[in-house]
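For reference, the structure is listed below as structure tokens.
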There are 2 protein chains.
Amino acid sequence: MNAELFTIGRLSREAACNVQTIRYYEQIGLLPAPLRSSGNQRLYDESWTRRLRFIRHARDLGFELDNVRVLLDLADDPSKSCEAVDEVAGGQLAQVEQRIRDLQALKRELRRMLKLCQGGTVADCRIIETLGNHDLCIADTHARVDASARR
Amino acid sequence: MNAELFTIGRLSREAACNVQTIRYYEQIGLLPAPLRSSGNQRLYDESWTRRLRFIRHARDLGFELDNVRVLLDLADDPSKSCEAVDEVAGGQLAQVEQRIRDLQALKRELRRMLKLCQGGTVADCRIIETLGNHDLCIADTHARVDASARR
DNA sequence: CCTAATATCTACAGTAACTGTAGGTTCAAG
DNA sequence: CTTGAACCTACAGTTACTGTAGATATTAGG
């Protein structure tokens, strides 16, 4: 087995993940601690690149780190049933769909507010007025947006 | 002027904002420091309720605290032009729309991944495979989701 | 061999917008 | 006068990183 070793900078480029994030993942146990050189620098091989790409890709798809952890555990045991993977991914999809719904409600309300604005001064601004009085909103159109969708 | 005073619990109920959040808003200067009772408890009147409701409503619409601050400043000066309000709200709308687009790309990709899964073991799981290899994704369908949309 | 630039190391602080906790007052009711 | 709810301050914790400071390692050029 030809195990070429490289330092963190190259791993960073190859997995498109910045250096401190790699160290952070190691710290929280998402990446195992790698070998160290005589000068104490981390030494990685191909297998780290693969694992880190997996993590980044999952993150890009919106999976939380806890779910990434679950997915990694599953990926590490190929004999396991695929069902659990399906469940995590399905849950993620459901969350994404919910966030989209929430944001669409916000969009509608913001659009409506903006349309009401006729220029002039703040005194007659319907946007400010609407913000000050939720009753002026389309009923319950954005009653409860969960915090994670808000940002 | 009949200024009825009440403590933080009632303000909390009337503006649907929890108590520590109120104290937090005061700390960061979003709410002015109110009167105190002889026993050092915060005393509010109607005007605080209105201001806090305004804040909560804006937050519910996805405005960041910094933008809420801007909106509050504008609301406090009714003689100002409405344009600035429009701009903040318009920016917010644009952000929401971008987030929706990002999330829809994620949704498509997650759906596709889930459809590929045929059951069986992790060894042949296409979800795990796809996560491990971004090239298996629809090209650039979710290349760069900005961090704030990710969660 | 020496030096300068670049890369890496650890440890810790900061981000957004809160939420939770500990340990101590104050207040209203019975 | 006691009990329990509401309130007080101060600080730690949340998520997933990013940024900083100050020290050490490595590499390229002269």
Side-chain angles (χ1 to χ4, degrees), chain A residues 5-31 33-44 48 52 55-72 92 95 99 144-151, chain B residues 5-31 33-44 48 52 55-72 92 95 99 144-151:
Chain A
L5 297 176
F6 42 89
T7 58
I8 202 167
R10 185 166 145 198
L11 178 61
S12 166
R13 285 188 300 277
E14 294 194 353
C17 177
N18 89 32
V19 169
Q20 18 254 73
T21 304
I22 297 172
R23 292 196 276 246
Y24 169 72
Y25 286 163
E26 179 183 329
Q27 191 189 309
I28 63 169
L30 214 56
L31 287 172
L35 290 173
R36 294 287 184 130
S37 73
S38 57
N40 199 34
Q41 302 197 344
R42 291 169 176 83
L43 293 176
Y44 300 97
W48 263 271
L52 183 51
I55 295 170
R56 290 311 312 168
H57 193 185
R59 291 290 299 126
D60 284 344
L61 285 165
F63 289 93
E64 291 174 9
L65 282 183
D66 274 355
N67 284 332
V68 175
R69 227 181 270 270
V70 173
L71 290 171
L72 279 170
Q92 180 57 27
Q95 263 186 46
R99 273 181 225 152
R144 284 242 153 270
V145 175
D146 125 342
S148 67
R150 194 180 281 151
R151 323 202 193 162
Chain B
L5 298 175
F6 42 87
T7 58
I8 202 166
R10 185 166 146 200
L11 178 61
S12 165
R13 284 187 301 278
E14 295 194 353
C17 176
N18 89 32
V19 168
Q20 17 252 75
T21 303
I22 297 172
R23 292 198 276 248
Y24 169 70
Y25 286 163
E26 180 183 330
Q27 191 188 309
I28 63 170
L30 213 56
L31 287 174
L35 290 174
R36 296 286 184 131
S37 72
S38 58
N40 199 34
Q41 302 198 345
R42 291 171 177 83
L43 292 177
Y44 301 96
W48 263 271
L52 184 50
I55 295 170
R56 290 310 312 168
H57 193 184
R59 290 289 301 126
D60 285 344
L61 285 165
F63 289 91
E64 292 174 8
L65 282 183
D66 274 354
N67 284 330
V68 175
R69 228 181 269 270
V70 173
L71 290 171
L72 279 170
Q92 179 59 28
Q95 263 186 44
R99 273 180 226 152
R144 285 241 153 271
V145 177
D146 126 341
S148 67
R150 194 179 281 151
R151 328 203 190 160

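Letters A, B, ... mirror the listed sequences (proteins, then strands); counts begin at 1. Quantities reported herein were computed from a predicted structural model and do not represent experimental measurements. Side chains included, hydrogens not; waters and symmetry mates left out as well; all remaining heavy atoms used.
In plain terms, the two heavy atoms of B:Ile28 and B:Arg69 that are nearest each other are O-NH1, 3.0 Å. Scanning both residues, A:Trp48 and A:Ala33, for their nearest heavy atoms gives CZ2-O, 4.0 Å. Contact detail for B:Ile22 and B:Tyr44: the closest heavy-atom pair is CG2-OH, 3.7 Å. Contact between B:Glu26 and B:Pro34 at its shortest, heavy atoms only, is OE1-CD, 3.5 Å.
A:Arg59 places its CZ atom 6 Å from the C1' atom of D:dA16, with the value rounded to the nearest Å. Atom-to-atom, CD1 of B:Ile55 to C1' of C:dA16 comes out at 16 Å; the value is rounded to the nearest Å. Remark: C1' of C:dT8 and CG of A:Leu5 are 16 Å apart, rounded to the nearest angstrom. Atom CG of B:Leu61 is separated from atom C1' of C:dA17 by 17 Å (rounded to the nearest Å). In this structure, the CZ atom of A:Arg42 is 13 Å from the C1' atom of C:dA7, given to the nearest Å. If you measure from atom CG of A:Asp66 to atom P of D:dC17, you get 12 Å, rounded to the nearest angstrom. Atom CD of A:Glu26 is separated from atom C1' of C:dT8 by 13 Å (rounded to the nearest Å). The distance from atom CD1 of B:Ile22 to atom C1' of C:dA17 is 15 Å, rounded to the nearest whole Å.
Checked against D:dC17, C:dT8, C:dT10, the side chain of A:Gln41 finds its nearest nucleotide in C:dT8. Side-chain proximity of B:Tyr24 to the nucleotides C:dT10, D:dT9, C:dT19 is greatest for C:dT19. If you check C:dT19, D:dT9, C:dT8 against the side chain of A:Ile8, the one that comes closest is C:dT8. Looking at the side chain of B:Gln20, the nearest of the listed nucleotides C:dC27, D:dT18, C:dG20 is C:dG20. For B:Glu64, whose side chain is taken as the heavy atoms from C-beta onward, the closest listed nucleotide among C:dA17, C:dT19, D:dT18 is C:dA17. When distances run from any side-chain atom of B:Leu65 to the nucleotides C:dC18, D:dA16, C:dC9, the shortest one goes to C:dC18. Of the candidate nucleotides C:dC9, D:dT9, D:dT18, C:dC9 has the atom lying nearest to any side-chain atom of A:Arg36. For A:Asn40, whose side chain is taken as the heavy atoms from C-beta onward, the closest listed nucleotide among C:dT10, C:dT8, C:dC18 is C:dT10.
Comparing A:Arg10 and B:Thr21, the nucleotide of DNA chain C nearest to each residue sits closer to the 5' end for A:Arg10. Nearest-nucleotide positions on DNA chain C place A:Tyr44 closer to the 5' end than the other of A:Tyr44 and B:Ser38.
For A:Arg23 and A:Gln27, the side-chain atoms include no donor-acceptor pair closer than 3.5 Å.
Within the 4.0 Å cut-off from OP1 or OP2 of C:dA17, not a single side-chain nitrogen or oxygen of B:Tyr25 is found. For the pair B:Arg56 and C:dC18, the criterion of a side-chain N or O lying under 4.0 Å from OP1 or OP2 is met.
Residue A:Arg23 is in base contact, counting any heavy-atom pair closer than 4.0 Å across all strands shown.
Among residues two or more places apart in sequence or in another chain, the side-chain contact (heavy atoms from CB on, under 4.5 Å) test is passed with A:Leu43 by A:Leu5, A:Thr7, A:Leu35, A:Ser37.
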